[in-house]
Amino acid sequence: MSAGPADTVQSEAGAPHVASSVVVVGTARLGEGSLLAQVAVVRSHGRGVEVGTGSAVLENPVVVGNARIPTSIGRRSVFGHRCIVVGAAVGDLCEIGNASILMPGARLGDRVFLGEGTLVPAGARLPSDVVAVGRPARVVRAASADDMARLAGLRGGDLSIPPHTATTVEDTHGRTPMGQLYPYHGIVPNVAASATLFPSSEITGDVVIGERTIIGAGVKIIGDSHGPVRIGNDVQILENTVLHLLPDNDLIIDDDVIIGPGAMIHGCRIGAGSVVEPGAIVCDHSVLGPGCVVRAGAVVKQRSRFAAGAEIDGFPAVDVGRISAPVPLPTWAWHPDDLPALPENARSGDT
């Protein structure tokens with residue numbers, strides 16, 4: 001079992017390092033020597049995200065925080081590739097394995113080791129000096145002397161905790177092009193005038209996007225097969241999510257659906273008012289009825305079918321409960337008043 005990313009970046013003194021491909025939406029606080037690596041997306045409404053001194057968030061992650069669900073990362077902690085952190089608090093000197101998912105209200109102590117792909121559910125708490133794995137995370141043992149020696153090796157032999165520091169980093173979306181629309185076989189995406197396309201989103205081919213829909217930073221929607229991609233009104237597709245489909249298939253997202261950061265949606269149908277939580281995967285030819293919830297990190301396998309109001313979880317995902325009331329707006333979704341001022345061509349989807 002590997003308890004952390006394989007290629008940890010050691011902290012350095014000085015200003016935070018933010019890769020040129022990073023998108024910060026809102027205002028984040030970054031400590032000295034911290035790192036946001038390539039293709040990171042940080043959504044920090046109301047200074048809702050803080051990354052501590054000497055900490056590193058490696059390539060292709062999403063970090064979300066706001067006044068309702070702030071995210072705080074302690075000092076000299078390291079997150080592996082493709083992690084998703086939404087409204088969680090992480091202590092000092094933690095090692096977070098690649099593709100881990102931390103949900104709102106999760107709390108990790110100091111020197112916590114998470115195995116690759118670990119899911120820490122909403123509200124879960126992990127004490128200091130433990131190794132945890134699984135979906136959901138379970139503590140498998142206390143951190144050993146060997147774990148601490150490895151941690152020291154990844155930190156240059158020094159496990160000291162530096163003072164707290166913070167530099168404000170504000171919107172960087174002006175550093176990237178507007179959301180891009182690409183033709184495929186002569187078909188150009190059709191985006192409603194009231195839709196919002198964040199910079200660094202890319203949409204290709206036979207894709208139609210409805211009114212007031214939000215396409216978040218880093219989202220890729222690829223309509224390059226024989227079937228269409230149709231996205232309804234008032235939909236949210238959030239950071240670093242990918243939508244694609246196989247030939248002779250279609251991908252239909254009905255009105256009022258919310259798809260969380262880092263999801264993968266492939267050639268399926270998702271009913272109105274459904275929520276797909278961060279890091280979930282929905283595979284080809286699956287059909288979700290209206291008002292379903294796919295829990296964080298769940299994998300809906302090919303040709304699965306779920307009736308309206310299903311609570312869907314697991315690997316592979318199964319129906320674990322019923323949802324009788326309309327699904328409320330998640331705390332990690334965009335609230336209309338929170339949308340930043342984007343250039344007009346970003347809001348309209350024009351290029």
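Counted within 6.0 Å of CZ on Arg269, heavy atoms from surrounding residues, nucleotides or ligands total 12 or fewer; the atom is thus considered open. Annotation: Arg322, atom CZ; neighbour count of heavy atoms from other residues, nucleotides and ligands within 6.0 Å is above 12. Atom CZ of Arg305 is surrounded by 12 or fewer heavy atoms from other residues, nucleotides or ligands within 6.0 Å. Counted within 6.0 Å of CZ on Arg135, heavy atoms from surrounding residues, nucleotides or ligands total more than 12; the atom is thus considered enclosed.
Rounding to the nearest 0.5 Å gives a distance of 4.5 Å between CD1 of Ile259 and CD1 of Ile237. Distance check: Gln236 CD to Thr241 OG1 gives 11.5 Å after rounding to the nearest 0.5 Å. Taken from CD in Gln180 to CG in Leu197, the straight-line distance is 9.5 Å, to the nearest 0.5 Å. Distance check, rounded to the nearest 0.5 Å: OG1 of Thr331 to CG of Leu329 gives 8.5 Å. Residue Thr165 holds its OG1 atom at 4.0 Å from CD of Glu32, rounded to the nearest 0.5 Å. The CZ atom of Arg29 sits 11.0 Å away from the OG atom of Ser34 when rounded to the nearest 0.5 Å.
A salt bridge between Arg295 and Glu311 is present, with a side-chain N of the basic residue lying under 4.0 Å from a carboxylate O of the acidic one. Salt-bridge check for Arg230 with Asp206: passed, with a basic side-chain N closer than 4.0 Å to an acidic carboxylate O.
Not a single donor-acceptor pair under 3.5 Å links the side chain of Ser128 to the backbone N or O of Gly109. With hydrogens and angles ignored, the 3.5 Å screen pairs a side-chain donor or acceptor of Asn98 with a backbone N or O of His81. The closest donor-acceptor contact from the side chain of Ser55 to the backbone of Arg76 lies under 3.5 Å. A donor-acceptor pair under 3.5 Å links the side-chain atoms of Thr53 to the main chain of Pro163, judged by distance alone. In terms of modelled atom types and a separation under 3.5 Å, the side chain of Ser200 and the main chain of Gly218 share a donor-acceptor contact. A donor-acceptor pair is defined here as one N or O able to donate and one able to accept, closer than 3.5 Å; no such pair exists between the side chain of Ser77 and the backbone of Gly74.
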TODO: Decide side-chain contact (heavy atoms from CB on, under 4.5 Å) for Leu245 and Val229; before the verdict, give the C-alpha distance in whole Å, the side-chain angles of both, and the deciding distance to 0.1 Å.
DONE: CA-CA 8 Å; Leu245 67 168; Val229 178; 3.6 Å; yes
Task: Gln38 vs Ser21, side-chain contact (heavy atoms from CB on, under 4.5 Å): CA-CA, chis, key distance, verdict - done: CA-CA 5 Å; Gln38 288 81 357; Ser21 56; 3.6 Å; yes
- [ ] Give the intermediate values and the outcome of side-chain contact (heavy atoms from CB on, under 4.5 Å) for residues Lys220 and Thr204.
- [x] CA-CA 8 Å; Lys220 313 301 179 190; Thr204 302; over 6 Å; no
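Counting heavy atoms from C-beta on, the side chains of Val49 and Val64 never come closer than 4.5 Å. For the pair Ile265 and Ile253, the minimum side-chain heavy-atom distance is below 4.5 Å. Counting heavy atoms from C-beta on, the side chains of Asp147 and Arg141 come closer than 4.5 Å. At least one side-chain heavy atom of Arg43 sits less than 4.5 Å from a side-chain heavy atom of Leu238. Considering only heavy atoms from C-beta on, Leu114 comes within 4.5 Å of Leu108 through its side chain.
A pairwise comparison of heavy atoms in Val327 and Cys292 identifies CG2-O, 4.4 Å as the closest pair. Closest approach of Gly267 to Asn249, counting heavy atoms only: O-ND2, 2.9 Å.
A parallel orientation is assigned to the rings of Phe198 and Trp334, their planes being inclined by less than 30° (bins at 30° and 60°).
Judged by distance alone, the side chains of Glu211 and Ser194 do bring a donor and an acceptor atom under 3.5 Å apart.
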